[in-house]
Amino acid sequence: MGKAIIILMLVLGVWVGMEVFTKGTDQAFGGIFAGGDGASRAPAEAPLQRIRASAQRSSDTVGERIERGIGDETDADVEE
């Protein structure tokens with residue numbers, strides 16, 4: 001019986017953690033973990049959305065640098 005309770009608590013903990021991680025505290029479980037008055041604050045972006053946006057900006061920057069030919073040097077081109 002003790003093992004079943006521990007497994008249930010682990011599953012519940014993982015579920016709560018994933019819910020908060022994917023949606024952020026302002027949106028997880030209908031916003032019950034959001035602090036303060038929700039009407040006065042703009043909804044925060046979920047962590048995965050922030051990571052995705054950051055990766056997209058980095059990818060765009062690298063793509064622009066490649067198009068302009070910046071950072072295209074090789075060891076043979078560099079004079080010492």
Side-chain angles (χ1 to χ4, degrees):
M1 183 67 182
K3 289 181 182 181
I5 292 173
I6 290 173
I7 291 172
L8 180 65
M9 287 174 36
L10 285 173
V11 169
L12 182 66
V14 168
W15 176 65
V16 168
M18 290 299 297
E19 190 76 16
V20 171
F21 182 75
T22 57
K23 295 182 181 178
T25 55
D26 288 343
Q27 298 171 350
F29 308 110
I32 61 172
F33 293 130
D37 183 21
S40 65
R41 296 183 337 169
E45 198 173 25
L48 289 179
Q49 293 171 343
R50 289 193 310 263
I51 293 168
R52 185 178 295 121
S54 175
Q56 185 63 42
R57 284 192 304 270
S58 296
S59 176
D60 292 344
T61 302
V62 169
E64 290 172 4
R65 291 186 71 182
I66 289 173
E67 287 177 3
R68 292 186 304 205
I70 298 173
D72 201 18
E73 298 88 15
T74 62
D75 290 337
D77 295 337
V78 177
E79 296 180 20
E80 295 180 21

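With Ser59 contributing its side chain and Ala55 its backbone, the two residues share no donor-acceptor pair below 3.5 Å. Under a 3.5 Å cut-off, the side chain of Ser58 and the backbone N or O of Ser54 do form a donor-acceptor pair.
Looking at Leu12 and Leu8, their side chains never come closer than 4.5 Å, going by heavy atoms from C-beta outward.
Here the OG1 atom belonging to Thr22 is positioned 9.5 Å from the CD atom belonging to Gln49, to the nearest 0.5 angstrom.
Among pairs with a residue in residues 1-18, none fulfils side-chain hydrogen bond (donor to acceptor under 3.5 Å, both in side chains), at least two apart in sequence or across chains.
Among residues two or more places apart in sequence or in another chain, the side chain to side chain donor-acceptor pair (under 3.5 Å) test is passed with Glu67 by none.
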